Structures are given as C-alpha cells and as structure tokens.
Amino acid sequence: MVTGMTESHPKITKAVIPAAGLGTRFLPATKATPKEMLPVVDKPAIQYVVEEAVAAGLNDVLMVTGRNKRPLEDHFDRNYELESALEKKGDESRLARVRESSDLATMHYVRQGDPRGLGHAVLCAAPHVGREPFAVLLGDDLIDPRDPLLSRMVDVQEQRGGSVIALMEVAPEQIHLYGCAAVEATDDGDVVKVTDLVEKPERADAPSNYAIIGRYVLDPHIFDVLRTTEPGRGGEIQLTDALQQLAADEKVAGPVHGVVFQGRRYDTGDRGDYLRAIVRLACEREDLGPDFKAWLRSYVTEEM
Ligand code: UTP
C-alpha cells in the first residue's frame, strides 16, 4: 500500500524529539546532564525545539530520553515550590517564565534504553505515533525561530505525501559530518526530490553538498523499515539508512522530498556552534542585546 499518498491526508499533530544521545562531544558537561538541557542564553536548547514544534501546530510532543532523563522531564513539568516562592515575592515576570515551559505542549516520554542510534530512537516512538505521518526534531539542532522550516516541511508533506527531510547546502569539506542526499529539482524552488542518501560520506563519494539537518516529516512506514535496518556507520541504527530505502522505492511509502533550508541553524551539540548560537541570540534579545553588543564590540576591538 502506498501509505504516503492516501487521498485524505491525516493532519500531522505529533512531534518526536530524540534526546537520548550520549553527547560525547560536550563532555564533561554532559556527564550527568543531557546536552539538550545546556542553556542557550537563559533557556535550555530543548525548549527552543519544543517551541518550534508548537509553532508548526504540533502540540503532542514525545521525547525519547536516555539515562539522564530527569532534568528533561522536570523542565517541562510544574515546579510548585519555585512557583510559590516567586508568587510570595510577587515576581510575576519570572513566574510566567517558569510556567511557560510546562504550559507549552502535551508532553510524553519514552525511554530508549541503550542509545543504539537515531534510527533506533525514532523506532521507540512507534507505539505512540501509530500509523500517522509525524515530525522528528533533533533535540540538539536549533533552528532560528525567525526562519520557519518545520511548518514549510509540513505543508510540503501535505501537498506531496510521503516523507520530507530538511537539507542545507554545506561546503564540500564539511559533507563528511552529515547525511548527504542525491537530489533532482522540482517545480518548487525550495523543494527537491531525494533519489538517494548516504550517511557521512567521504568528500569524493558525496553525491552532492546537500546535508541532512535535524528536521524530518516521516511516513509511518519508516517504522517497518527501521525494524529491519541493520546497524550501519558507527555500529548505530541510522535513520538515514532507513530513509534511503524509502527514497529507493516510492511505491512503498510515497516519495522522499527535501526542503532546502537557507536560514540560521545551530548544532548545539557542537561546542563552536553552541557558542555562536548563544552570542547571536543574546545580541538579538531586546533585554540583553544592547549592553551585550556594546561589550562584545569593545572586547573584539581591544582584546582580539
Ligand atoms: P548525535 O549524532 O549528535 O549523537 O545525535 P550524540 O550521542 O547525542 O552526541 P555526540 O556525537 O556523542 O556528541 C543526534 C540526535 O539524536 C539523538 C541525540 O540525543 C541527538 O538529539 N540520539 C542519538 C538519540 O536519541 N539516541 C541515540 O541512540 C543516538
């Protein structure tokens, strides 16, 4: 059955956020704290990601957590002690900020157990998702809220069926850090058809410089494929390998398209990108930006 191309498209309402990785690039900060909880200015990275899902109309959020799941669950839960202390002080603005994260979305959690790869993390979402198309947002990938990507991907999936991935052009010497897509143009300027996918190819073997970034809208048939996907690169069950199978035969679950993203994106699991995200977002904040930018200017001119 061509599940991705049914006449009446079920509306996409569910978002899955894998956040069970080991975060080895950020050790020792991530020894006891998930990397998704590292603050970007004054919110943990994961809150931006949940806000992005909600902004795209996805209010049902399933987080795939690992060994350090407590801080993630606590962050999206009420904290009555803190709230009552702020209430007593009459600190309304901080009280609102504390409540913001618990009122955002309907949160669900599933435990991955062993972190056997992104594909395996997505497979853990199968019982919750059922047979509807759904979105996956990587918990350490931050898309600037002013550059909406997920809502465009949801539109493309609703128009074209199948699955939709997010792609970004990167310099050829960077492509070995990403999944890479072979593509064909479509009649939409920012949409390409994906014909093949390779996980972290050597520069010479890369079919293009289109890198996969951490947003997906997937046909539920991906779960059937993931159940039989063997561990690939790094001994992990790779989502890219399962998507490659969908792209290779569109009779199975509809086509795979890519939305080419040209906006601002940060990989908060990478130390350099994490620092850039903080500086940029802090500069743009109305409350912090003016003072911080003035300090940054003098720091750069005087000390660098
Ligand atoms: P990464 O490739 O960044 O891996 O995962 P990682 O283990 O988290 O980090 P490093 O490379 O060791 O520093 C991409 C996303 O997939 C999730 C991660 O939490 C991250 O959001 N993931 C990865 C899982 O949920 N489970 C896994 O088994 C692997």
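Every number for a ligand or one of its atoms is a count from 1 in the order of the listing. Just so it is clear, the model here is predicted, and its values are computed rather than measured.
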Within ligand 1, which atoms have a heavy atom of [X] less than 4.0 Å away?
X: Ala121; answer: 24 (C), 25 (O), 26 (N)
X: Asp140; answer: 3 (O), 20 (C), 21 (O)
X: Gly139; answer: 21 (O)
X: Leu22; answer: 6 (P), 7 (O), 8 (O)
X: Arg116; answer: 28 (O)
X: Gln112; answer: 24 (C), 25 (O), 26 (N), 27 (C), 28 (O)

Quick one: look up the protein heavy atom nearest [atom] and list residue, atom name and how far away it is.
atom: atom 12 (O) of ligand 1; value: Thr24 OG1, 2.5 Å
atom: atom 15 (C) of ligand 1; value: Leu138 CD1, 3.9 Å
atom: atom 11 (O) of ligand 1; value: Arg25 NE, 3.2 Å
atom: atom 16 (O) of ligand 1; value: Leu118 CD1, 3.6 Å
atom: atom 8 (O) of ligand 1; value: Lys35 NZ, 2.8 Å
atom: atom 22 (N) of ligand 1; value: Gly21 N, 3.6 Å

Are any of the N or O atoms of [X] closer than 3.5 Å to those of ligand 1?
X: Gly117; answer: yes
X: Glu36; answer: yes
X: Pro18; answer: yes
X: Val64; answer: no
X: Ala20; answer: yes

Using a 3.5 Å distance criterion without hydrogens, assess whether the side chain of [X] forms a donor-acceptor pair with backbone atoms of [Y].
X: Ser101; Y: Phe76; value: no
X: Ser102; Y: Arg99; value: yes
X: Asp147; Y: Gly263; value: no
X: Ser298; Y: Trp295; value: yes

Side chains of Glu132 and Ile12: closer than 4.5 Å at any heavy-atom pair?
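They are not in contact (no side-chain heavy atoms under 4.5 Å apart), so the answer is no.
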Sequence-distant partners of Arg116, salt bridge (charged side-chain N to carboxylate O under 4.0 Å, His left out), two or more places apart
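Per chain and number, Arg116 pairs via salt bridge (charged side-chain N to carboxylate O under 4.0 Å, His left out) with no residue.
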At what distance, to the nearest 0.5 angstrom, does CG of Asp141 lie from CZ of Arg265?
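Going from the CG atom of Asp141 to the CZ atom of Arg265 covers 4.0 Å.
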Can you check salt bridge (Lys or Arg N to Asp or Glu O under 4.0 Å) on Glu100 and Lys43, steps first, answer last?
CA-CA 11 Å; Glu100 217 170 50; Lys43 282 194 285 195; 5.3 Å; no
After noting the C-alpha distance and the side-chain angles of Asp241 and Arg233, does the key distance pass the salt bridge (Lys or Arg N to Asp or Glu O under 4.0 Å) rule?
CA-CA 9 Å; Asp241 293 345; Arg233 223 191 135 86; over 6 Å; no
Report yes or no: does a heavy atom of Ala19 sit under 4.0 Å from some atom of ligand 1?
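Checking ligand 1 against Ala19, which is what was asked, there is a heavy-atom contact under 4.0 Å.
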The single option from Val194, Leu218, Thr229 passing side-chain contact (heavy atoms from CB on, under 4.5 Å) against Leu243
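When Val194, Leu218, Thr229 are each tested with Leu243, the side-chain contact (heavy atoms from CB on, under 4.5 Å) holds only for Leu218.
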Strictly by modelled atom types, are Glu236 and His120 linked by a side-chain donor-acceptor pair under 3.5 Å?
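No donor-acceptor contact under 3.5 Å links the two side chains.
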